[in-house]
Structure formats: C-alpha cells, structure tokens
Peer 1: 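Below are the structure tokens for one structure; questions will follow.
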Amino acid sequence: MKIAISSDHGGNRLRHEIMDLLSELGLEYEDFGPDSDESVDYPDYAKPVADGVASGKFDRGILICGTGIGMSIAANKVKGIRCALVHDVFSAKATRGHNDSNILAMGERVIGPGLAREVATAWLDTSFEGGRHERRVAKLSELEN
C-alpha cells in the first residue's frame with residue numbers, strides 16, 4: 001500500500017507522528033509537506049494528495065490540519081475522493097468498511113498523537129466490506145459532476 005500524506009502548518013507535528021507510524025508499519029509513503037511551521041493554505045496541500053489518490057498513483061491518503069475540517073472539504077472537491085474526517089477508532093473502521101474512504105483527515109488540535117496513531121492504524125488495516133455498501137458508494141460517485 002502506498003500512502004500520500006500532507007498537512008498544513010496546524011497539522012505539521014501530527015503529520016510527522018503519523019509518518020513515523022507509517023515507517024513502523026513498513027508502508028511506503030510520499031510526504032507533500034510543508035517543510036516548516038510557517039502559515040500555509042490547506043487547499044494547496046490537500047490537492048496533491050487528493051489528485052494522487054484519485055489518479056491511482058497512491059492507494060490512500062492522509063491529511064492533517066488544525067481541525068481536519070479544511071483538509072477534508074478541500075480533498076472532497078476532487079472527483080473520486082471520499083475523504084473522511086475521523087477522530088475515533090470506531091469511525092475509522094466504519095468509514096473504510098462502509099464508505100470505502102480513500103483519504104483520512106484528522107485535526108492536530110482535536111486529537112492527541114496516541115489516539116491519532118490508533119485511528120490511522122485502524123483505518124489502514126480495515127478493508128472495504130463491499131456487498132450492500134457497493135451500491136451506496138456507487139451512488140456517491142454518481143453525485144460527482
């Protein structure tokens with residue numbers, strides 16, 4: 001599994017924590033920055049991750065900002081993206097199993113590093129269940145213009 005990861009300035013520390021986790025799990029990833037804690041605009045950092053996942057270059061993506069809200073909104077503007085803002089393990093499993101989410105968003109100011117690692121691990125380890133959920137995910141795709 002190849003992961004694209006990025007943040008804005010508000011998610012920089014948590015992004016590094018999650019990159020450490022990805023390395024520990026032996027997963028390949030590409031970091032899209034930023035390289036400092038200086039203020040940046042989250043859409044500029046969500047777009048390359050969303051584009052990379054939508055194109056198939058990456059299997060999944062992880063986006064982090066202060067709340068996760070801005071990143072999730074920006075990513076979901078890209079056709080083919082199902083980005084879920086998650087801060088608990090149950091929702092991480094549900095969004096993969098039921099919604100086939102392909103990008104995980106989290107907020108550094110909302111979730112601590114320990115729980116963020118648990119959420120990311122659950123999200124990465126959970127497979128799409130298919131079945132009745134396939135019809136619903138297909139309907140999500142039909143909403144895209």
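Keep in mind that what you see is a predicted model, and the values were worked out from it rather than measured.
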Peer 1: Taking the side chain as everything from C-beta on, heavy atoms only, tell me whether Met19 gets closer than 4.5 Å to Tyr29.
Peer 2: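 The answer is yes; the side chains approach within 4.5 Å.
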
Peer 1: List the atom of Cys65, the atom of Gly70, and the distance in Å for their closest heavy-atom pair.
Peer 2: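 Nearest pair, atom of Cys65 first, then Gly70: SG-N, 4.0 Å.
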
Peer 1: Run Glu28 and Ile3 through side chain to side chain contact (heavy atoms under 4.5 Å, CB included) and show every step you take.
Peer 2: CA-CA 6 Å; Glu28 183 180 353; Ile3 309 296; over 6 Å; no

Peer 1: Can you tell me how far apart CG (Asn99) and CG (Leu140) are? Round to the nearest 0.5 Å.
Peer 2: 7.0 Å

Peer 1: Please answer whether the main-chain N or O of Tyr45 pairs with a side-chain N or O of Ser6 as donor and acceptor at a distance below 3.5 Å.
Peer 2: yes

Peer 1: Could you tell me how the ring of His98 sits relative to the ring of His133: parallel (under 30°), tilted (30 to 60°) or perpendicular (over 60°)?
Peer 2: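 Because their plane-to-plane angle is under 30°, the rings of His98 and His133 count as parallel.
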
Peer 1: Which pair of non-hydrogen atoms, one from Ala105 and one from Ser72, has the smallest distance, and what is that distance?
Peer 2: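 Closest heavy-atom pair between Ala105 and Ser72: CB-CB, 3.9 Å.
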
Peer 1: So that I can tick it off, tell me whether Lys79 and Glu144 are bridged by a salt bridge, with the cut-off set at under 4.0 angstrom between side-chain N and carboxylate O.
Peer 2: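 Salt bridge: no.
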
Peer 1: Do you reckon Val110 sits in the same ILVMFWY cluster as Met106, going by side-chain contacts under 4.5 Å, direct or chained?
Peer 2: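 No; tracing contacts between hydrophobic side chains, which count when under 4.5 Å, never links both residues.
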
Peer 1: Would the distance check show the side chain of His9 and the main-chain N or O of Val40 forming a donor-acceptor pair, the cut-off being under 3.5 Å?
Peer 2: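 Confirmed, His9 side chain pairs with Val40 backbone.
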
Peer 1: With hydrophobic residues grouped by side-chain heavy-atom distances under 4.5 Å, do Met71 and Ile111 end up in a single group?
Peer 2: no

Peer 1: To check you understand the geometry: which heavy-atom pair defines the closest contact between Arg15 and Asp31, and what is its length?
Peer 2: NE-OD1, 2.8 Å

Peer 1: Restricting to non-hydrogen atoms, name the atom on Thr126 and the atom on Arg60 that form the minimum distance, rounded to 0.1 Å.
Peer 2: O-NH2, 3.5 Å

Peer 1: What distance separates Thr121 OG1 from Leu21 CG, expressed to the nearest 0.5 Å?
Peer 2: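 Those atoms lie 4.0 Å apart.
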
Peer 1: Calculate, to the nearest 0.5 Å, the distance between atoms OG1 and CZ belonging to Thr67 and Arg109 respectively.
Peer 2: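 Nearest 0.5 Å value for the OG1-CZ distance: 8.0 Å.
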
Peer 1: Honestly curious: do Leu25 and Met1 fall in one hydrophobic cluster under the side-chain, below-4.5 Å linking rule?
Peer 2: yes

Peer 1: Test salt bridge (charged side-chain N to carboxylate O under 4.0 Å, His left out) on Asp20 and Arg117; report intermediate values, then the result.
Peer 2: CA-CA 10 Å; Asp20 289 345; Arg117 290 172 68 97; 5.5 Å; no

Peer 1: Is the closest side-chain heavy-atom distance between Ile5 and Val49 below 4.5 Å?
Peer 2: no

Peer 1: Locate the shortest heavy-atom distance separating Glu108 from Leu14; write the atom from each residue and the value.
Peer 2: OE1-N, 2.8 Å

Peer 1: Would you say that more than 12 heavy atoms from the other residues, nucleotides or ligands in this model lie under 6.0 Å from the CD of Glu24, or not?
Peer 2: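 Above 12, so yes.
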
Peer 1: Heavy atoms, side chains only, cut-off 4.5 Å: are Asn102 and Phe58 in contact?
Peer 2: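 Sidechains of Phe58 and Asn102: no contact.
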
Peer 1: Quick one, Val53 with Asp59, criterion side chain to side chain contact (heavy atoms under 4.5 Å, CB included). Give me CA distance, side-chain angles, the key distance, then yes/no.
Peer 2: CA-CA 6 Å; Val53 172; Asp59 300 299; over 6 Å; no

Peer 1: Could you tell me whether the side chain of Asp88 and the main chain of Ser91 form a donor-acceptor pair under 3.5 Å?
Peer 2: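 Yes; at least one donor-acceptor contact below 3.5 Å.
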
Peer 1: Which residues satisfy the salt bridge (Lys or Arg N to Asp or Glu O under 4.0 Å) test with Asp100, sequence neighbours excluded?
Peer 2: Arg82, Arg96

Peer 1: Check whether any side-chain N or O of Asp44 sits under 3.5 Å from a backbone N or O of Lys47 as a donor-acceptor pair, and report yes or no.
Peer 2: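 A pair under 3.5 Å: no.
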
Peer 1: To the nearest 0.5 Å, what is the distance between CD1 (Ile103) and OG1 (Thr95)?
Peer 2: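 Going from the CD1 atom of Ile103 to the OG1 atom of Thr95 covers 11.5 Å.
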
Peer 1: Taking all heavy atoms of Phe32 and all of Ala4, pick out the closest pair and write down the distance.
Peer 2: CE1-CB, 3.8 Å

Peer 1: I'd like to know if Leu63 and Leu124 are part of one continuous hydrophobic network [Ile/Leu/Val/Met/Phe/Trp/Tyr, side-chain heavy atoms within less than 4.5 Å].
Peer 2: no

Peer 1: Is it the case that over 12 heavy atoms from other parts of the model lie below 6.0 angstrom from the OH atom of Tyr42?
Peer 2: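 Not buried by this count: 12 neighbours or fewer within 6.0 Å.
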
Peer 1: To the nearest 0.5 Å, what is the distance between CG on Leu22 and CG on Leu27?
Peer 2: 6.0 Å

Peer 1: Grouping I, L, V, M, F, W and Y whenever their side-chain heavy atoms are under 4.5 Å apart, do Ile73 and Val86 come out in a common cluster?
Peer 2: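 In one cluster: no.
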
Peer 1: Can you tell me how far the CG atom of Leu85 sits from the OG atom of Ser101, to the nearest 0.5 Å?
Peer 2: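 Between Leu85 CG and Ser101 OG, I get 11.0 Å after rounding to 0.5 Å.
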
Peer 1: Flag the pair Asp37 and Arg13 as a salt bridge only when some basic side-chain nitrogen lies within less than 4.0 angstrom of an acidic carboxylate oxygen.
Peer 2: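 Salt bridge flag = no for Arg13 with Asp37.
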
